[in-house]
Amino acid sequence: MYRTHTCGELTSDHIGKKVVLSGWVRRVRDLGGLIFIDLRDRYGRTQLVVEPGRKETFEIAKSLGMQYVIRVEGKVRRRPEEMINPELSTGEIEVVVEKLDILNRTPLLPFVIEDEINIQEDTRLRWRFLDLRRPKMQRNIIVRHHTLQAVRNFLSSEGFIEIETPFLTKSTPEGARDFLVPSRNFPGKFYALPQSPQLYKQVLMSAGFDRYFQIVRCFRDEDLRQDRQPEFTQIDLEMSFVDMDNVLSLTERMLEYVFDKVLHQKLEIPFPRISYKDALKKYGSDKPDLSIKEEILDFTEIFKGSGFGVLENIIQNKGIVLGVRSPRDFSRKEIDELKDFIVKEGGAGLFWFKVKAETLYGQLAKYIDINKISLEEGTYFVIAGDNKPATYLLAGKLREKVCKSYQDKKFNFLWVIDFPLFEWNEEEKRIEPAHHMFTMPYEDQIHLLEQDPLKVIGKQYDLVLNGVELASGSIRVHKRELQEKIMEIIGLNKQEREKRFGFLLEALEYGAPPHGGIAFGFDRLVAMMLGIGTIRDVIAFPKTTSAQALYEKAPDLVDDEQLKELHIKIIDQDLG
RNA sequence: GGGGCCGUAGUUCAGCCUGGUGAGAACGCCGGCCUGUCACGCCGGAGGUCGCGAGUUCAAAUCUCGUCGGCCCCGCCA
């Protein structure tokens, strides 16, 4: 028998008991006549004491190295009163070792297996199994597990059916670059790994599985970020006979359940909602960070006729003047840096003034009539530009930069709703879907599709948490006719529609019910629950920024024989 | 595709700007001492292709160019 208990469970209740423990040697403290060993597994750590009386055991203990795997038999005893370690759940006791076996040794470790160490990412990834042995990483992976289970429990109890959809599927235009898988049976043809199960879940609705979910891997061959991996996990769900409110409230209840079960935190639901248009005006973003309370201020009226030429000119040309407030003072250097930032982001310039004790200071002070305004104390930054989203977006960036230092760290969820269905792609001179082409327009706007599609608002919703897009969904188009019209607007002709999306269109045609759903970035959700910036730390085996796996070393070359079977020839002669 | 930061002992870093002394520190590792430690302590020791390649120079960890790798950002990611 390797163990009667884990390294995290012995307490004063077990005093006097004979136990067997197995685990990793975290540290050996050899005091000469007495040896302490911290034994660790994923449940915790237990202090072992080896006394000199047992000569053979004592000699083995002396030879132990860090991260050796050992098994011990011994007796639990209470520590002397002043030796109790209140930091550990097992801190009241220790195990007096009677027998000690080395189950495995280790060479010199590339790094110390501790939480508070600073190791470079490539070293950690190269030695991922050692990195994952660190308590913090184990906690991350375990929280991920609990979150997975909580989501499954909740959705299952709500009548959702978990259905797997294919990984070997069809490449579709639009969206991200696909990962392709060559076909052996069909020379020159390729499967694609799914960017999401979008089409399948809609087909499942047509099939009558009115509540579907899946916790599923998605693949997108685009450049990485700290919150983007080429393969990532989604909580994907879809419901029939629902409208927007049903999906939003189900999502809210799911998060309420998950945060309660996993973090023991009560979320306040329902979450606030804001339209895309208002989000842009108030926060200058389609994913506002509500951990910052400040809103964008419209100063256009204040500077109308102010005598400040630059701003007046802009206002006369139907431009707008926007402001962002921060309660604190800024140094000359900080203001210069902010100016550089604004210019780098495409802005024309940055002005500022300060309000303190009902008096104005700074660059713009003499152009503002103090009696005309009532502003809180603080530093105000001012930008100006066309009355277009770009100006608001710039103000939004300024807002996040200027106010970053006093964020409110709790979970600030927000629904952003009512997105435009389409947007204009200036480079390609065409209309493209703002979200995806399956989103249902509001019924009273369908008639606008013909005349002015860019005005049409869709039943789309994004869930934003502290400025991070966590989930996105929509009520879908469930009729073939309307779906084809939308495809036509974005420039897909009859032939392409049939070729790329024929199986979806058919499913809609043959009695698809009204339906809608949502998809969560699961890795992001877990990372945010843990307060971690990078999703790499909640994925057991992530890829590097260049999409490599440093541990198993993928991607890699393959045998000529394999290529031949797949009818593939490497044409770049420098390779291989 | 573009920009920024980084690469020196097993690990984390200093040294680089301003080229030249024997390339250092901490942790880890090895040996010794130590019976109440929990980052044990004390003494001693081993350990280096300064990422790789080229160039400049009497001389390169240090300057230049290229290249590989990591991280962050822009583009991209319906």
Side-chain angles (χ1 to χ4, degrees), chain A residues 26-40 45-53 58 62-63 65-67 77 79-88 90-91 94 96 106-127 130-131 172-178 195-196 198-199 218-230 232 341 344-346 397 419-423 425 427 431-439 458 460 462 469 472-474 486-487 490 492 519 521 533-534 536 542-548 550 553:
Chain A
R26 189 183 89 101
R27 207 174 273 277
V28 180
R29 289 179 295 278
D30 182 351
L31 272 56
L34 196 62
I35 300 173
F36 294 99
I37 302 162
D38 284 344
L39 191 67
R40 205 194 84 86
R45 68 195 216 217
T46 301
Q47 174 163 286
L48 313 176
V49 197
V50 187
E51 292 175 330
F58 199 75
K62 265 184 160 357
S63 75
M66 286 204 285
Q67 298 298 315
R77 86 176 169 200
R79 294 192 193 185
E81 198 57 39
E82 62 278 19
M83 302 307 159
I84 286 174
N85 186 342
E87 317 249 300
L88 297 178
T90 60
E94 59 196 7
V96 189
T106 163
L108 179 60
L109 296 165
F111 50 83
V112 186
I113 314 295
E114 297 275 353
D115 274 344
E116 301 311 325
I117 48 171
N118 178 23
I119 331 162
Q120 260 163 41
E121 194 98 12
D122 47 345
T123 310
R124 288 176 56 194
L125 291 175
R126 163 67 184 82
W127 299 96
L130 294 177
D131 189 35
T172 52
E174 305 283 327
R177 196 175 293 116
D178 285 318
Q195 295 178 24
S196 82
Q198 181 65 32
L199 300 176
C218 303
F219 306 87
R220 294 177 190 177
D221 188 6
E222 296 292 346
D223 288 339
L224 279 68
R225 289 285 190 281
Q226 59 172 338
D227 61 351
R228 267 161 39 188
Q229 284 274 307
F232 62 99
F341 170 75
K344 212 185 87 203
E345 293 290 335
K397 283 177 186 163
F419 285 78
L421 207 54
F422 305 104
E423 56 192 30
N425 185 325
E427 276 158 48
I431 289 177
E432 60 184 18
H435 174 59
H436 63 46
M437 66 179 96
F438 313 112
T439 300
Q460 191 209 322
D462 280 6
E469 188 190 314
S472 182
S474 63
I486 288 170
M487 288 175 168
I490 61 171
L492 286 173
T534 170
R536 283 191 301 270
K543 304 283 189 285
T544 68
T545 313
S546 64
Q548 284 198 81
L550 292 184
K553 299 191 179 68

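Residue numbering restarts at 1 for every chain, and letters A, B, ... go by the order of the sequence lines.
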- Item | OP1 or OP2 of B:C40 under 4.0 Å from side-chain N/O of A:R29 | yes
- Message: Tell me if the side-chain of A:E94 makes a donor-acceptor pair with the base of B:G36, cut-off 3.5 Å, by modelled atom types.
- Response: yes
- Message: What's A:Q548 touching, base or sugar-phosphate or nothing? Going by heavy atoms closer than 4.0 Å.
- Response: sugar-phosphate
- Message: Using atom C1' in both nucleotides, what's the gap between B:C27 and B:C40 to the nearest angstrom?
- Response: 15 Å
- Determine which nucleotide pairs with B:C71, using a 3.5 Å limit on both distances of a Watson-Crick or G-U wobble pair. B:G4
- Presence of A:S546 side-chain N/O under 4.0 Å of B:G69 phosphate oxygens OP1/OP2: no
- Among B:G70, B:G75, B:C71, which nucleotide sits nearest the side chain of A:D223? B:G75
- Message: Please classify the nucleic acid contact of A:N118 as base, sugar-phosphate, or nothing, using heavy-atom distances under 4.0 Å.
- Response: sugar-phosphate
- Item | Separation between CD1 of A:I119 and CZ of A:F111, rounded to the nearest 0.5 Å | 4.0 Å
- Item | Nearest-Å distance once atom P is located in both B:U11 and B:C29 | 14 Å
- Message: Between B:U11 and A:F111, is there a base-stacking contact, meaning the centre of the base's six-membered ring lies under 5.5 Å from the residue's ring centre while the planes stay under 30° apart?
- Response: no
- Is the base of B:U12 touched by the side chain of A:Q120 through a donor-acceptor pair closer than 3.5 angstrom? no
- Task: Provide, to the nearest angstrom, the distance between the CZ atom belonging to A:R126 and the P atom belonging to B:G70.
- Result: 14 Å
- Atom CD of A:Q198 and atom NE2 of A:H436: how far apart are they, to the nearest 0.5 Å? 3.5 Å
- Message: Can you see if the side chain of A:R27 gets near the phosphate of B:C40 - specifically, an N or O under 4.0 Å from OP1 or OP2?
- Response: yes
- Message: Within the 4.0 Å heavy-atom criterion, would you say A:L109 contacts the bases, only the backbone, or no part of the nucleic acid?
- Response: sugar-phosphate
- Any donor-acceptor N or O pair under 3.5 Å, side chains A:E423, A:N425: no
- Item | Atom pair distance, as rounded to whole Å: CD in A:Q47 and C1' in B:C40 | 11 Å
- Scan A:R124 against the nucleic acid and name what it touches under 4.0 Å (heavy atoms): base, sugar-phosphate only, or nothing. nothing
- Looking across every strand, which nucleic acid part, if any, lies under 4.0 Å from A:L31 by heavy atom: base, sugar-phosphate, or nothing? base
- Task: Considering only atom C1', compute the distance from B:C65 to B:A46 and round it to an integer number of Å.
- Result: 38 Å
- With C1' as the reference atom in both, quote the distance from B:A23 to B:U62 in angstrom, rounded to an integer. 11 Å
- Item | Pairwise distance CH2(A:W127) to CG(A:D122) - rounded to 0.5 angstrom | 13.0 Å
- Item | Whole-Å distance separating the CE atom of A:M83 from the P atom of B:C38 | 10 Å
- Between A:F341 (CZ) and B:C73 (P), how many Å, whole number? 13 Å
- At under 4.0 Å between heavy atoms, what does A:P52 touch on the DNA or RNA strands: base, sugar-phosphate, or nothing? base
- Message: So, does A:Q67 get its side chain near the phosphate of B:G28, meaning an N or O under 4.0 Å from OP1 or OP2?
- Response: no
- Look up atom CZ in A:R26 and atom CG in A:D38, then write down how far apart they are to the nearest 0.5 Å. 4.5 Å
- At under 4.0 Å between heavy atoms, what does A:R45 touch on the DNA or RNA strands: base, sugar-phosphate, or nothing? sugar-phosphate
- Message: Taking any heavy-atom pair under 4.0 Å as a contact, classify A:E432: base, sugar-phosphate, or nothing.
- Response: nothing
- Can you check whether A:L39's main-chain N or O pairs, donor with acceptor, with A:T46's side chain at less than 3.5 Å? no
- Query: When only distance counts, do a donor and an acceptor, one from the side chain of A:R228 and one from the base of B:C76, lie under 3.5 Å apart?
  - Reply: yes
- Message: Would you measure the distance from the C1' atom in B:G53 across to the matching atom in B:G69 and give it in whole Å?
- Response: 15 Å
- Message: Determine whether a donor-acceptor pair (one donor, one acceptor, N or O, separation below 3.5 Å) exists between the side chain of A:R79 and the base of B:C38.
- Response: yes
- Enter the distance from A:I113:CD1 to A:Q67:CD here, rounded to the nearest 0.5 Å. 4.5 Å
- Message: Using only modelled atom types and a 3.5 angstrom limit, is any donor from either the side chain of A:R77 or the base of B:G36 paired with an acceptor on the other?
- Response: yes
- Message: Base, sugar-phosphate or nothing for A:D30? Non-hydrogen atoms, less than 4.0 Å.
- Response: base
- Atom CD1 of A:I119 and atom P of B:C71: how far apart are they, to the nearest Å? 14 Å
- Complementary nucleotide of B:A26, counting Watson-Crick and G-U pairs under 3.5 Å: B:U11
- Task: Round to the nearest Å and state the distance from A:E87 atom CD to B:U37 atom P.
- Result: 15 Å
- Side chain of A:Q229, backbone of A:K543: donor and acceptor closer than 3.5 Å? yes
- Drop me the distance from A:T172's OG1 to A:D178's CG, to the nearest 0.5 angstrom. 5.5 Å
- Message: Pairing check on B:G53: which nucleotide meets the Watson-Crick or G-U wobble criteria with it, both distances under 3.5 Å?
- Response: B:C65
- Message: Counting the atoms with a prime plus P, OP1 and OP2 as sugar-phosphate, which does A:M437 contact under 4.0 Å by heavy atoms, base, sugar-phosphate, or nothing?
- Response: nothing
- Return yes if the base of B:G7 and the side-chain atoms of A:D122 contain a donor-acceptor N/O pair under 3.5 Å, otherwise no. no
- Query: Does A:T545 make a side-chain N or O approach to OP1 or OP2 of B:C72 shorter than 4.0 Å?
  - Reply: yes
- For A:R26 and B:A39, is the shortest distance between a side-chain N/O and OP1 or OP2 below 4.0 Å? no
- Here the distance between atom P of B:C76 and atom CD of A:Q195, to the nearest Å, is 16 Å
- Tell me what A:S472 touches on the nucleic acid: a base, only sugar-phosphate, or nothing, going by heavy atoms under 4.0 Å. nothing
- Item | Same-atom distance (C1') from B:G19 to B:U64, integer angstrom | 13 Å
- Query: Checking all strands, does A:T123 fall into the base, sugar-phosphate, or nothing category for heavy-atom contacts under 4.0 angstrom?
  - Reply: sugar-phosphate
- Item | P spacing across the pair B:G48 / B:U8, given as an integer number of angstrom | 15 Å
- Item | Interatomic distance at C1', B:U21 relative to B:G15, whole Å | 13 Å
- Task: Using atom CG of A:L34 as one end and atom C1' of B:C34 as the other, report the distance to the nearest whole Å.
- Result: 11 Å
- Message: So A:G175, base contact, sugar-phosphate only, or nothing? Heavy-atom distance under 4.0 Å.
- Response: sugar-phosphate
